[in-house]
> 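First the structure, which I've put down as structure tokens, then a few questions once you've had a look.
Index from 1, following the sequence. Hydrogens, waters and symmetry mates play no part in the numbers below; they use all other heavy atoms, side chains included.
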Amino acid sequence: MAVHSTPESPLPVGEVSRLIGGWIDRLGAVWVEGQITQLSRRPGAGVVFLTLRDPSHDVSVSVTCYRQVFDAVADVVGEGARVVVQAKPEWYAPRGQLSLRAAEIKPVGVGELLARLEQLKKALAREGLFAPERKKSLPFLPQLIGLVCGRASAAERDVLENARHRWPAVRFEVRNVPVQGVHAVPQVTQAVKELDAMDDVDVIVVARGGGSVEDLLPFSDEQLVRAVAACRTPVVSAIGHEPDNPLLDHVADLRASTPTDAAKKVVPDVGEEYERVRQLRDRARRCVAAYVDREERGLAHALARPSIQDPHRMIDERADQVTALLERGRRSLGHQLDRARSELTHTHARVVALSPAATLKRGYAVLQRADGHAVRDPGEVEPGETLRARVSEGDFSVRVDA
């Protein structure tokens with residue numbers, strides 16, 4: 001429960017420390033897992049002092065135990081070992097310090113660690129962190145490579161020397177961090193995040209020269225795996241190890257078997273690229289030469305055609321054909337005109353012979369009434385009616401007698 005206090009009636013430090021101790025006493029014994037970072041076994045002392053640290057977070061706590069408790073596991077436990085401790089939290093009121101009083105210490109075996117890693121691997125896989133579609137492709141020629149490795153390590157030397165041998169102009173942004181132990185996870189994670197935040201870093205390589213299963217545990221830490229999964233920059237895992245591989249290999253965009261292999265996969269070889277350019281240039285030259293030769297042969301074949309060698313020949317041949325067709329057309333038209341003229345003459349003669357004027361010339365006359373109608377029947381006229389008689393050379397009036 002909260003303790004009531006005011007600026008006018010504050011609690012003494014001793015009272016606050018006593019209350020904290022009371023709250024901590026209520027917690028009881030707990031099982032705690034961590035990594036031993038400091039171990040103090042003074043000769044003749046009945047108490048052993050430990051510092052237990054969380055490998056994934058920057059948190060540590062002091063642990064004390066009786067010598068007989070630690071002697072039970074002294075042969076298999078040392079600094080850097082992972083242990084599970086049954087301890088009761090204690091509060092040392094005079095100094096305001098929290099510590100754990102260990103009643104039992106159990107080392108975490110390799111088999112148990114691998115089983116936990118397998119469970120974590122399955123859980124992260126279900127989240128899709130290892131899915132192939134999430135992996136990003138590496139740039140063909142990175143201008144700046146981020147490298148996370150141990151200080152003055154063989155992994156750093158292998159990556160730098162092999163990369164610069166392959167492409168001398170390549171540049172590196174190196175982050176030297178612990179690659180094993182309790183400080184490895186937070187510092188490697190921080191280094192990856194810093195390099196990912198740099199816009200000019202094209203790819204990040206996390207390198208280590210192999211080691212035991214315990215040494216490689218930081219590269220299977222969930223915090224580091226999630227940090228790599230969240231990177232926008234392609235990440236290459238170059239942890240030299242056989243046969244086990246940390247979870248970093250699964251979440252990284254590319255896995256290299258060794259730091260040397262990472263340098264070969266990240267940076268192209270200038271000699272190989274020069275040879276490839278030379279081959280492509282020779283191929284292009286051959287293609288262009290073959291194209292020019294083919295076009296020259298086609299041009300020569302076209303120039304060898306009669307129409308190209310003597311272009312007027314076709315015109316002359318067509319001119320003769322046009323002249324012949326013209327003469328033929330004229331003859332045909334003349335024949336048609338002569339035939340039409342003959343038919344017209346015959347028709348004209350028939351029309352003239354059958355015309356009323358020709359009949360009148362033969363002595364016939366046409367009688368017309370005053371309205372101009374021709375008289376065809378004697379019954380059409382009346383006695384005394386005046387008619388008009390039309391003959392070949394003119395006309396005159398006649399009167400009808402009774």
> State whether the number of non-hydrogen atoms from other residues, nucleotides or ligands found under 6.0 Å of E393 atom CD is greater than 12.
no

> Does one side chain, of T6 or S9, offer a donor that lies under 3.5 Å from an acceptor on the other?
yes

> Where the side chain of R166 meets the backbone of V267, is there a donor-acceptor pair that is under 3.5 Å apart?
yes

> Tell me which donor-acceptor pairs under 3.5 Å the side chains of residues 323-341 have, and how far apart each pair is, sequence neighbours excluded?
from	atom 1	to	atom 2	distance (Å)
T323	OG1	A319	O	2.9
D338	OD1	R341	NH1	2.9

> Can any side-chain N or O of S60 pair as donor or acceptor with the backbone N or O of R53 at less than 3.5 Å?
no

> Does the ring of Y66 carry R101 above it, NZ/CZ under 6.0 angstrom from centre and within 45° of its axis?
yes

> What's the shortest heavy-atom distance between R175 and A191, and which atoms?
CB-CB, 3.8 Å

> May I ask you to decide whether D310 forms a salt bridge with R305, counting only side-chain N to carboxylate O separations under 4.0 Å?
no

> Side-chain contact test, heavy atoms from C-beta onward, threshold under 4.5 Å: evaluate it for V63 versus T51 and give yes or no.
no

> Who pairs with E118 by salt bridge (charged side-chain N to carboxylate O under 4.0 Å, His left out), at least two apart in sequence or on another chain?
none

> Has K88 got a side-chain atom pairing as donor or acceptor with V30's backbone, closer than 3.5 angstrom?
no

> What pair of heavy atoms forms the shortest contact from C65 to F70, and how long is it?
SG-CB, 3.8 Å

> Looking only at heavy atoms, which two atoms of E380 and E385 are closest? And how far apart?
O-OE1, 4.4 Å

> Identify the heavy atoms of T386 and S397 that sit nearest to each other, and give their distance.
CG2-CB, 4.2 Å

> Checking D200 against Q143: is there a side-chain donor and acceptor pair closer than 3.5 Å?
no

> Provide the closest heavy-atom pair for L11 versus S5 in the form atom of the first, atom of the second, distance.
CG-CB, 4.1 Å

> Strictly below 4.0 Å, N to O, side chains only: are D293 and R297 in salt-bridge contact?
no

> So, do T64 and L50 sit near enough that their side-chain heavy atoms are less than 4.5 Å apart?
no

> With a 4.5 Å limit on heavy-atom distance, are the side chains of M198 and E194 in contact?
no

> Quick one: does D253's side chain get under 4.5 Å of V236's, heavy atoms only?
no

> So V381 and L387, do their side chains get closer than 4.5 Å, heavy atoms only?
yes

> So which atom in S220 and which in L247 form the shortest heavy-atom distance, rounded to 0.1 Å?
OG-N, 3.1 Å

> With a 4.0 Å cut-off on N to O distance, would you call R286 and D282 a salt bridge?
no

> Can you tell if the side chain of W167 reaches within under 4.5 Å of the side chain of E273, non-hydrogen atoms only?
yes

> Salt bridge or not for R226 and E222, using N-O below 4.0 Å?
yes

> Salt bridge or not between D199 and R232? Use side-chain N to carboxylate O under 4.0 Å.
yes

> When you check the side-chain N and O atoms of Q279 and E275, is any donor under 3.5 Å from an acceptor?
yes

